[in-house]
Amino acid sequence: MHEVLFYLFAAMTLLPAVMLVCSRNTVNAAMLMIVSFVGTAALFAMLQAYLLSVLQIMVYAGAVVVLFLFIIMLLDAGRIKSFKGRIKQIIVPLAFFVALSILPVLAILSGRGGEAQVGEAVAPASSAEQFGLLLFTKYQLPFELTGFLLLAAMVGVIFISRRNVSALPKSEGKE
Amino acid sequence: MFAIALNHYLIVASLLFSIGFFGVMLRRNVIVMFMCMELMLNAANLALVAFSRFNATPDHPMMDGNVFVFFVITVAAAEVATGLAIIVALFRKRATVMADELTALKK
């Protein structure tokens, strides 16, 4: 049962990712990204990291994909050019893909990464309490810095996305 | 006891990472390249969670990997917001999202 679920969720993560890379329509790509993120969240849940699974769905499948869709529709760049006449440009990425995917898989399967382990130990990551304890004790400084980072990102986004950034000194007096 | 070990998760993570890398190199649409970068971040998160799950013992619960994933998710959200704002600003100025046509620094 566990194995069937694992392979189902792994396929749910990987197949939409491949289809995303090959998709012509950007909106379809965003939808496929949702499926891939939900598959990853299911894999997190199988690893008993339930809080991270919920966060993954809320942040990625919720906020990030909605932001992507909003930008795609704002830019009206849904239709993009196809791959015609670009065989030469596919070869190098394909070589990188094969190297990047085959080598780790071979290394893992050859047993150099240690023998296959079976997760019998308890999984403390399942509770939000553990996260809270660590975030406010050991990782207090990164936690605060993350808050500052989010503030900086928000201010930066508001500044970047306003109109007439280049014509700022002139337009300021009129507005 | 189940037969799914750490290696299975690592293989999925490495495949997901290489698919994302492939997409970033292959595609010319900046938005799709950005999506593929998100896939790569997800792959790293999956590997981190798998490592901290399979190395956990009752004495040493190995929460560090999970907390790191927490931070990665937060930073990725900030990164997406900033990157998409840059893409919007770029589109307003150059009216394109194709990386082929963004050659202002080349000339």
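Order of the sequence lines sets the chain letters (A, B, ...), proteins ahead of strands, with each chain counted from 1.
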| Measuring heavy-atom distances to chain A, does B:Phe21 have an atom under 4.5 Å in its side chain, in its backbone, in both, or in neither? | side chain
| task | Indicate whether any N or O donor in one side chain lies under 3.5 Å from an N or O acceptor in the other, for B:Asn42 and A:Gln56. | result | yes
| task | Check whether A:Phe70 gets within reach of chain B through its side chain, its backbone, both or neither, counting any heavy atom under 4.5 Å. | result | neither
| said: Please evaluate residues B:Phe91 and A:Ile71 with respect to the criterion side-chain contact (heavy atoms from CB on, under 4.5 Å), reporting the C-alpha separation (whole Å), side-chain torsions for both, the decisive distance (0.1 Å), and the verdict. | reply: CA-CA 11 Å; B:Phe91 189 77; A:Ile71 296 301; over 6 Å; no
| Quick one: of A:Ala17, A:Ala153, A:Pro93, A:Ala152, who has the most non-hydrogen atom pairs under 4.5 Å with chain B? | A:Pro93
| field | For A:Ala10 against B:Val12, the heavy-atom pair lying closest together | value | CB-CG2, 3.7 Å
| task | Considering only heavy atoms and a distance below 4.5 Å, find which of B:Val69, B:Thr82, B:Val49 pairs most often with chain A. | result | B:Val49
| task | Please flag which part of A:Leu20 lies under 4.5 Å from any non-hydrogen atom of chain B: side chain, backbone, both or neither. | result | both
| message | Under 4.5 Å from any heavy atom of chain B, what part of A:Ala30 do you find: side chain, backbone, both or neither? | response | both
| Same hydrophobic cluster for A:Phe148 and A:Leu141, using side-chain heavy-atom links shorter than 4.5 Å among ILVMFWY? | no
| query | If two hydrophobic side chains count as joined below 4.5 Å and joins carry through other members, does A:Leu74 share a cluster with A:Val157? | reply | no
| Connected via hydrophobic side-chain network under 4.5 Å: B:Phe70 and A:Phe136 | yes
| task | Kindly indicate whether the side chain of B:Val67, heavy atoms from C-beta on, has any atom under 4.5 Å from the side chain of A:Lys138. | result | no
| What is the ring orientation for A:Phe6 with B:His8, classed by angle as parallel under 30°, tilted 30 to 60°, or perpendicular over 60°? | perpendicular
| query | Counting heavy atoms not belonging to A:Phe96, are there more than 12 under 6.0 Å from its CZ? | reply | no
| remark: If one checks every heavy atom of A:Val18 against chain B at 4.5 Å, the contacting part turns out to be both
| Roughly how far apart are A:Met33 CE and B:Met35 CE, rounded to 0.5 Å? | 5.0 Å
| remark: Applying a strict 4.5 Å limit to non-hydrogen atoms, the region of B:Leu48 in contact with chain A is neither
| field | Atom pair OH (A:Tyr139) and CZ (B:Phe68), whose distance is rounded to the nearest 0.5 Å | value | 9.0 Å
| B:Ile31 side chain reached by A:Leu75 side chain, heavy atoms, under 4.5 Å | yes
| message | For B:Met40, is the CE atom crowded, meaning more than 12 foreign heavy atoms sit under 6.0 Å from it? | response | yes
| said: If hydrophobic clusters are built from ILVMFWY residues whose side chains come within less than 4.5 Å, do A:Val35 and A:Leu15 share one? | reply: no
| field | Contacting region of A:Ala63 [heavy-atom separation from chain B under 4.5 Å] | value | neither
| Atom CG in A:Leu149, atom OG1 in B:Thr74: separation rounded to 0.5 Å? | 9.0 Å
| Reported CZ-to-CZ distance for the pair B:Phe34 and A:Phe68, which is rounded to 0.5 angstrom | 5.5 Å
| Measuring heavy-atom distances to chain B, does A:Ser36 have an atom under 4.5 Å in its side chain, in its backbone, in both, or in neither? | side chain
| query | Where on A:Leu94 is there a heavy atom nearer than 4.5 Å to chain B: the side chain, the backbone, both, or neither? | reply | both
| said: What I'd like to find out is whether the side chain of A:Phe37 reaches to under 4.5 Å of the side chain of B:Glu38, using heavy atoms alone. | reply: yes
| request: With rounding to the nearest 0.5 Å, note down the distance linking CD1 in B:Ile73 to CG in A:Leu52. | output: 5.5 Å
| task | Might you point out which heavy atoms bring A:Val21 and B:Arg27 nearest each other, and give the distance in Å? | result | O-NH1, 2.7 Å
| said: Counting heavy-atom pairs closer than 4.5 Å to chain A, which one of B:Leu46, B:Val75, B:Ile86, B:Leu15 comes out on top? | reply: B:Leu46
| remark: With chain B, the option among A:Val92, A:Val59, A:Leu135 that has the most non-hydrogen atom pairs under 4.5 Å is A:Leu135
| task | Before giving the answer on side-chain contact (heavy atoms from CB on, under 4.5 Å), spell out for A:Phe44 and B:Asn45 the whole-Å C-alpha distance, their side-chain angles and the decisive distance to 0.1 Å. | result | CA-CA 9 Å; A:Phe44 283 174; B:Asn45 282 350; 3.9 Å; yes
| field | Minimal non-hydrogen separation, B:Ser18 against A:Phe97, with atom names | value | O-CD1, 3.3 Å
| note | Taken to the nearest 0.5 Å, the spacing of A:Gln48 CD from B:Arg53 CZ works out to 4.0 Å
| Is there side-chain contact between A:Leu100 and B:Phe22, with heavy atoms separated by less than 4.5 Å? | no
| request: Using the rule that two of Ile, Leu, Val, Met, Phe, Trp, Tyr join whenever any of their side-chain heavy atoms come within less than 4.5 Å, decide whether A:Leu150 and A:Leu55 are in one cluster. | output: no
